[in-house]
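Remember, predicted model here, so these are calculated numbers, not experimental data. First the proteins, then the strands, lettered A, B, ... as listed; each starts at 1.
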Amino acid sequence: MNQLSALKDDDEVMIAYGKGKRMPLALYKVRHSLAHVMAQAVTELFPQAKPTIGPPIESGFYYDFYTPTPFTPQDLERIEARMREIVNKHVDFVRREVSEAEARELFKDNPFKLELIDGLVRGAADEMGEQTSAAGDGAASVLTVYTQDTFTDLCRGPHVNNTREIHPDAFKLVQSSSAYWRGDEKNPVLQRIYGLAFHTPEELQHHLKMQEEARKRDHRKLGAELEIFMFDDEVGPGLPIWLPNGGVLIEQLEALAKKMEEDAGYLRVRTPHVTKEALFVRSGHLPYYAESMFPPMTLDDGERYYIKPMNCPFHHKIYASKPRSYRDLPLRLAEYGTCYRFEQSGELFGLMRVRSMQMNDAHIYCTEEQFEAEFLGVVNLYLKYFEIFGIEKYVMRLSLHADAGLGKKYVDNRPLWLKTEEMVRRAMRQGNVPFYEAEDEAAFYGPKIDVQIYSAIGREFTLATNQVDFAVPARFNLTYVDRDGQEKTPLCIHRAPLGTHERFIGFLIEHFAGAFPPWLAPVQAVLIPIADRHVEYCQRVARQLRAEGMRVLVDDGPERMQNKIRKAQLSKIPYMLVVGDKEVQSEAVSVRLRSGEDLKSQPVGEFAARVKALVARYALALWE
RNA sequence: GCCCACAUAGCUCAGUAGGUAGAGCACACCCUUGGUAAGGGUGAGGUCACCGGUUCGAUCCCGGUUGUGGGCUCCA
């Protein structure tokens with residue numbers, strides 16, 4: 001802590017914040033200091049508001065207040081104006097070490113700060129609620145407070161020395177919302193105010209512009225504009241309906257996945273959407289996962305049926321359908337199974353978080369000796385997909401158990417955890433796949449590799465998991481007869497490299513901004529007749545191209561050609577094929593690319609061959 | 001689930017100090033047959049999300065419901 005405050009302002013020095021993120025120290029100080037300035041402004045304007053915590057984050061900062069009335073947009077304007085006054089007063093930030101008693105006296109009216117002090121004194125957590133690494137397990141002997149102007153806050157710092165280091169026009173309060181104290185919904189509700197903050201007004205403007213761009217790429221907006229999917233009140237929240245264009249995307253993705261899985265030795269199966277309660281009791285989903293499941297249907301005879309939230313128990317049944325020999329392993333069962341999960345209403349988010357989802361699911365049953373190769377095979381499958389889709393930014397996380405959760409969150413078998421975690425770690429190192437480790441993030445039955453990807457607009461989410469299951473096969477009495485004649489329990493690898501159709505297509509929409517590569521585009525080409533007399537020829541060419549496997553439309557509407565080009569352009573159709581007298585005479589089409597490039601007339605056959613070649617190798621380019 | 005905000009034509013949005021609504025785009029029809037991002041005209045479209053309350057009268061005010069958005073939390 002002390003060393004931190006002593007560091008020189010330097011954009012080269014990175015400081016950690018949040019979970020596993022870093023930002024330049026200088027920026028951290030500006031943002032953190034602005035959080036304090038905001039707290040001062042808020043407590044001045046709303047004396048009943050009690051400050052709790054306020055850290056720097058990705059693009060700025062926030063501060064949570066305990067207050068009887070939420071902040072209105074007008075309040076934010078007043079607070080921001082007051083902050084600007086404080087910043088312009090060029091006040092010092094003064095650090096002071098205080099004793100526990102003094103700290104308790106200073107914050108005696110603020111139960112949240114007192115709770116933080118309790119934590120700090122015990123050495124358990126710092127003011128962000130995170131483990132203190134510096135203090136080890138010893139209690140923090142010294143507490144620090146920072147004072148600027150009239151406001152004093154419990155804080156480990158560091159801060160700017162004086163608010164003149166903060167540009168008064170490089171920050172902006174953007175929104176208020178609620179948050180729970182310590183992120184726990186059992187705790188009191190706090191009001192959080194978010195602010196953006198940078199070194200210069202230009203950086204702030206740039207950020208705002210990027211956000212504007214991001215809104216344009218939002219899959220919810222593009223999904224509606226491009227007629228990919230829709231929601232309907234009478235169908236229900238979180239239940240997407242795929243429109244014809246979305247249907248094509250799904251068909252193409254499934255075709256790709258089936259081909260890849262066939263090459264990798266998977267067998268395709270299909271299983272029911274509803275099942276008796278007993279299956280999920282055996283799998284451990286009931287009652288453990290009951291919260292995320294739709295409530296059961298009770299039949300006349302009292303039997304309860306559930307709609308499936310996962311495919312695995314069915315695949316286990318398929319494994320168990322006959323005796324297995326080590327010669328049968330690895331057994332790889334794949335299914336694009338539709339699952340239903342009862343996500344909390346507040347969790348639903350476009351296609352990214354839904355209640356009905358089609359999973360690119362498979363389970364691999366293998367022996368311990370086969371594990372490494374199988375696990376790596378799956379990871380490599382991921383990497384192949386990333387290449388096809390041009391996904392360059394991704395992070396793999398090895399999610400481990402935590403001893404504290406054994407028997408509660410996690411299957412109570414520490415040695416097996418350590419062993420399987422090491423197996424995964426070794427497989428990843430063996431394959432030279434970079435990853436980082438995170439404790440207490442595992443599935444209840446085993447460790448996993450989570451793949452985080454980032455859509456073009458910076459939205460981060462878990463695309464896929466690759467999980468090791470050392471517990472559930474035993475619950476299903478899955479066995480194989482090994483070489484030595486002994487019955488053994490196989491390991492099971494759960495994997496879903498493309499996650500779900502819903503999330504993956506949501507991601508792809510943002511990744512490509514709706515401009516899908518030719519192999520994936522719902523409509524690949526639109527034929528545009530210049531005059532009515534060219535329509536017949538267009539229809540003939542369309543039939544020809546469809547026979548070649550292309551997805552083609554003819555725009556025979558009454559508008560002018562320019563208007564049709566514009567419509568096709570807005571629909572992000574890769575190829576616009578303009579047809580006039582010249583083309584009709586020479587069995588040609590005039591090719592215009594979505595990029596705006598005019599490639600002039602060329603023979604229909606040549607165009608078709610060119611596109612077919614691009615499609616066959618899943619090319620991202622429009623023309624080569 | 002919780003806190004806050006929002007809900008007007010297929011879409012994007014105006015509007016009414018409470019007297020049942022309007023534009024642009026899209027759609028239909030007519031004219032125009034035009035060579036690489038919007039030709040012109042005419043017309044049709046709305047129980048102002050739903051259910052209650054206040055009022056002579058509610059799209060507008062109040063309450064509830066549903067949905068959506070921004071967060072908290074969790075996950076594919």
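The base of B:C75 sits with one of its N or O atoms less than 3.5 Å from a complementary donor or acceptor on the side chain of A:R503. Side-chain atoms of A:E583 come within donor-acceptor range of the base of B:G35, with a qualifying N/O pair under 3.5 Å. You'll find a donor-acceptor pair under 3.5 Å spanning the side chain of A:Y180 and the base of B:C2, going by distance alone. With hydrogens and angles ignored, no donor-acceptor pair under 3.5 angstrom links the side chain of A:Q344 to the base of B:U73.
Of all nucleotides listed (B:G67, B:A37, B:C72), B:C72 comes nearest to the side chain of A:R192. Taking only side-chain atoms of A:R533, from C-beta outward, the nucleotide of B:U68, B:U33, B:C74 with the closest atom is B:U33. With distances taken from any side-chain atom of A:D581 to the nucleotides B:C2, B:U33, B:G35, the minimum falls on B:G35. Nearest nucleotide to the A:E441 side chain, out of B:A76, B:C75, B:G35: B:C75. Candidate nucleotides B:U68, B:G35, B:C74 were compared by shortest atom distance to the side chain of A:P237, and B:U68 ranks first. Of the candidate nucleotides B:A37, B:A76, B:G35, B:A37 has the atom lying nearest to any side-chain atom of A:R566. Of the candidate nucleotides B:G35, B:A76, B:G67, B:A76 has the atom lying nearest to any side-chain atom of A:T462.
Helical stems of RNA chain B (runs of at least 3 Watson-Crick or G-U pairs, donor-acceptor distances under 3.5 Å) are listed by first residue: B:1-7 with B:66-72, B:10-13 with B:22-25, B:27-31 with B:39-43, B:49-53 with B:61-65.
Comparing the same atom, C1', in B:C13 and in B:C50 gives a spacing of 23 Å after rounding to whole Å. Nucleotides B:A38 and B:U73 place their C1' atoms 47 Å apart, quoted to the nearest Å. B:A44 and B:A26: their C1' atoms are spaced 13 Å apart (whole Å). Taking the C1' atom of each, B:U55 and B:A9 are spaced 29 Å apart, rounded to whole Å. When the C1' atom is used for both B:A17 and B:A5, the distance is 24 Å, rounded to whole Å.
Between A:Q191 and B:C72 there is no side-chain N or O to OP1 or OP2 distance below 4.0 Å. Look at A:R592 and you'll find a side-chain N or O under 4.0 angstrom from OP1 or OP2 of B:A37. Side-chain N/O atoms of A:K448 include one lying less than 4.0 angstrom from OP1 or OP2 on B:A76. The side chain of A:R220 places an N or O atom within less than 4.0 Å of a non-bridging phosphate oxygen (OP1 or OP2) of B:G69. Note on A:Y194: a side-chain N or O is less than 4.0 Å away from OP1 or OP2 of B:C72. The phosphate of B:G1 (OP1 or OP2) has a side-chain N or O of A:S345 nearer than 4.0 angstrom.
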Check: What one-letter contact string describes nucleotides 25-31 of chain B from 5' to 3', where B marks a base within less than 4.0 Å of any protein heavy atom, S marks contact via sugar-phosphate atoms alone, and - marks no contact?
Finding: -------

